[in-house]
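Input: a single structure, listed below in structure tokens.
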There are 2 protein chains.
Amino acid sequence: MNPKFYNLPIEKQQAVINAGFHVFSQNSYKKSPMSEIAETAGISKSLLFHYFTNKKELYLFLWDTSARITVEEMEKNGCYEQADLFDSMEKGMQVKLELMRKYPDIGMFSIRAFYEKDPEVRDEVHKIMNHYLQIHAAAKLAALDPDDFLPGIDLDLMYREMYLASEGYLWEKMQSGNIDVTEMEQDFRKLIDFWKAIYMRKPKGADEK
Amino acid sequence: MNPKFYNLPIEKQQAVINAGFHVFSQNSYKKSPMSEIAETAGISKSLLFHYFTNKKELYLFLWDTSARITVEEMEKNGCYEQADLFDSMEKGMQVKLELMRKYPDIGMFSIRAFYEKDPEVRDEVHKIMNHYLQIHAAAKLAALDPDDFLPGIDLDLMYREMYLASEGYLWEKMQSGNIDVTEMEQDFRKLIDFWKAIYMRKPKGADEK
DNA sequence: TCCTCTGTTAACCGCTGCGGTCAATACAAA
DNA sequence: TTTGTATTGACCGCAGCGGTTAACAGAGGA
């Protein structure tokens, strides 16, 4: 890619990146036109080709960028260091949502890229992913103390169920298109509180109305 | 559409329908080629155009079919008559899953059609949907007895959380592509049991290990 | 004033793939 | 052999694709 891309004002860079995220998140790789990305970003197609030699390069640049940004932001906010499960989930979700304020389609783009099957990019997508993944192979969920939770509860199922609900929520929001991060934050906070109240071991004789 | 379509052997009809569900569930309306649908169904493009005069007609036929089939199947299995919430959820999900055994992409197709923005089909999609929707405006969730559940639990949130988890699960499975309905049924049964064990009012002095 | 350098674009090119048509098949029944 | 029907390959005009290129706009220096 052309390093002059970084000389652009940051807003313009982000406009291009977001345009890429958006178009590639709506269509498969093959059916995502460069012209549409350029138009969405507010620049000409020629200029887009001036910064990225071809479509494949732009795509892989975006994929790398999304992964890099996510890991960076997670580290910066100490998401990999939380002891409490709910804190960890909340922190992680907060970071993701905060990210989506700057890059509304980064989540959906990542998911589609992860499952992209086009042979032109498939292999390299996985190569890049593994590069970022090996940094944080999280076996940390195994280190939960069952005494903190409802007696007899299946911790694996509990975690999976929370994960699924989060995914379902995100997915539902993304489908509708109008993303309000603040509202999502509130919704998610409510969900976490709900889980906390239900799943955690009750202190003896606590509040029951 | 050409009524001779119904003279086809049922497997062939279903092949066409499933091919349509599949292609339209992967791409937007505009970017779903008729040729790909024909090829997936194992017939020639010409024949497809022989049964459906144009793309729009095929699309709306599929949309109507998916809605009709779903409502029919729900009614046939008494999904709209369950008293217990969990039974109702389980029954409904079972029907959906059973449907997906016959029409693997019907779920994803419905979702995409619901959010389709192309002006060529948008209005009529909503018209058809409302036609089927008004039959079953479900206000029945309001009729829950709080005494059946954990004291103080927020029933709305509980229901929403279960709904989200189901959506998230379906969405996750659909992304990966390889759909095993039997496995999904087991997974979902587990989730329901999990919810039941957690959310329902405990009988006094019941099993705690 | 002219030149140069950089960022930017409109116009273009060859090609693919689209929605849709149609004349020609294969083939069963009469 | 004829007739009617299910089915297709080849075709058409066109839109839109990835990518190229020659030209333009404008700021700065001589």
Side-chain angles (χ1 to χ4, degrees), chain A residues 1-17 19-20 22-63 113 116-122 124, chain B residues 1-17 19-20 22-63 113 116-122 124:
Chain A
M1 70 165 297
N2 192 331
K4 287 178 185 173
F5 176 69
Y6 295 115
N7 295 349
L8 283 176
I10 308 132
E11 339 137 4
K12 214 78 190 174
Q13 290 183 41
Q14 282 195 7
V16 171
I17 291 175
H22 183 73
V23 174
F24 281 123
S25 74
Q26 302 284 343
N27 320 101
S28 67
Y29 170 75
K30 202 175 185 179
K31 300 194 178 179
S32 296
M34 290 290 270
S35 52
E36 199 178 320
I37 298 175
E39 195 185 8
T40 307
I43 63 175
S44 70
K45 193 178 64 163
S46 327
L47 191 53
L48 190 56
F49 272 104
H50 181 232
Y51 289 128
F52 302 92
T53 52
N54 54 36
K55 185 161 138 179
K56 180 178 173 179
E57 193 186 272
L58 170 59
Y59 186 76
L60 293 177
F61 166 79
L62 288 172
W63 175 236
E116 177 62 57
K117 288 184 185 68
D118 196 307
E120 196 176 335
V121 293
R122 208 201 131 132
E124 287 177 77
Chain B
M1 71 167 295
N2 192 332
K4 288 178 185 172
F5 176 70
Y6 295 114
N7 295 348
L8 283 177
I10 308 130
E11 339 137 4
K12 215 76 189 173
Q13 289 183 40
Q14 281 194 8
V16 171
I17 291 174
H22 183 72
V23 174
F24 281 122
S25 75
Q26 302 284 343
N27 320 100
S28 65
Y29 169 75
K30 201 175 186 179
K31 300 197 177 176
S32 296
M34 289 291 271
S35 53
E36 199 177 320
I37 297 174
E39 195 186 9
T40 307
I43 64 175
S44 70
K45 193 178 64 165
S46 326
L47 190 54
L48 189 58
F49 272 104
H50 181 235
Y51 290 127
F52 303 92
T53 53
N54 53 37
K55 187 161 139 179
K56 180 178 173 180
E57 193 186 270
L58 170 59
Y59 186 76
L60 293 177
F61 166 79
L62 288 172
W63 175 236
E116 178 61 56
K117 287 183 186 66
D118 196 307
E120 196 176 337
V121 293
R122 207 200 132 137
E124 286 178 77

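Chain identifiers are assigned alphabetically (A, B, ...) following the order of the sequence lines, protein sequences preceding nucleic acid strands; residue numbering begins at 1 within each chain.
- Summarising the geometry, the separation between CZ on B:Phe52 and C1' on D:dT7 is reported as 16 Å, rounded to the nearest angstrom.
- Remark: A:Lys31 fails to qualify as a cation-pi partner of A:Phe24 under the 6.0 Å distance and 45° angle criteria applied to the six-membered ring.
- Under the 4.0 Å criterion applied to side-chain N and carboxylate O atoms, A:Glu116 and A:Lys56 are not assigned as salt-bridge partners.
- The CD-P distance, from A:Gln13 to C:dG7, rounds to 13 Å in whole Å.
- Mapping B:Gly42 and B:Lys45 onto DNA chain D by nearest heavy atom places B:Gly42 at the nucleotide closer to the 5' end.
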Verify ring pair (Phe, Tyr, Trp, His ring centres under 6.0 Å) between B:Phe5 and B:Phe52, making sure each step is shown before the conclusion.
CA-CA 9 Å; B:Phe5 176 70; B:Phe52 303 92; 5.2 Å; yes
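- Residue B:Tyr51 is classed as a sugar-phosphate contact, given heavy-atom separations below 4.0 Å to backbone atoms only.
- In this structure, A:Tyr29 atom OH and D:dC17 atom C1' are separated by 12 Å, rounded to whole Å.
- For the pair A:Ile43 and A:Lys31, both in contact range of DNA chain C, the more 5′-proximal nearest nucleotide belongs to A:Ile43.
- Using a 4.5 Å heavy-atom threshold, the side chains of A:Asp118 and A:Val121 count as touching.
- Rounded to a whole Å, the CZ atom of A:Phe49 is 17 Å from the C1' atom of D:dA22.
- B:Gln13 and B:Tyr6 get closest at one heavy-atom pair: NE2-O, 3.0 Å.
- Counting any heavy atom pair closer than 4.0 Å across all strands shown, A:Leu48 reaches no nucleic acid atom.
- Mapped onto DNA chain D by nearest heavy atom, B:Lys4 and B:Ser46 fall at different nucleotides, with B:Lys4 at the one closer to the 5' end.
- Between the NZ atom of B:Lys30 and the C1' atom of D:dC17 there is a distance of 13 Å, rounded to whole Å.
- The NZ-P distance, from B:Lys12 to D:dT7, rounds to 8 Å in whole Å.
- OP1 or OP2 of D:dC17 sits under 4.0 Å from a side-chain N or O of A:Ser35.
- Look at CG on A:Leu47: it is 11 Å from P on C:dA10, rounded to the nearest Å.
- Following rounding to the nearest Å, B:Glu39 (CD) and D:dG9 (P) show an atom-to-atom distance of 12 Å.
- Counting non-hydrogen atoms under 4.0 angstrom, A:Asn54 reaches the backbone sugars and phosphates but no base.
- As judged by a 4.0 angstrom heavy-atom cut-off over every strand, A:Ile37 is placed among residues making no nucleic acid contact.
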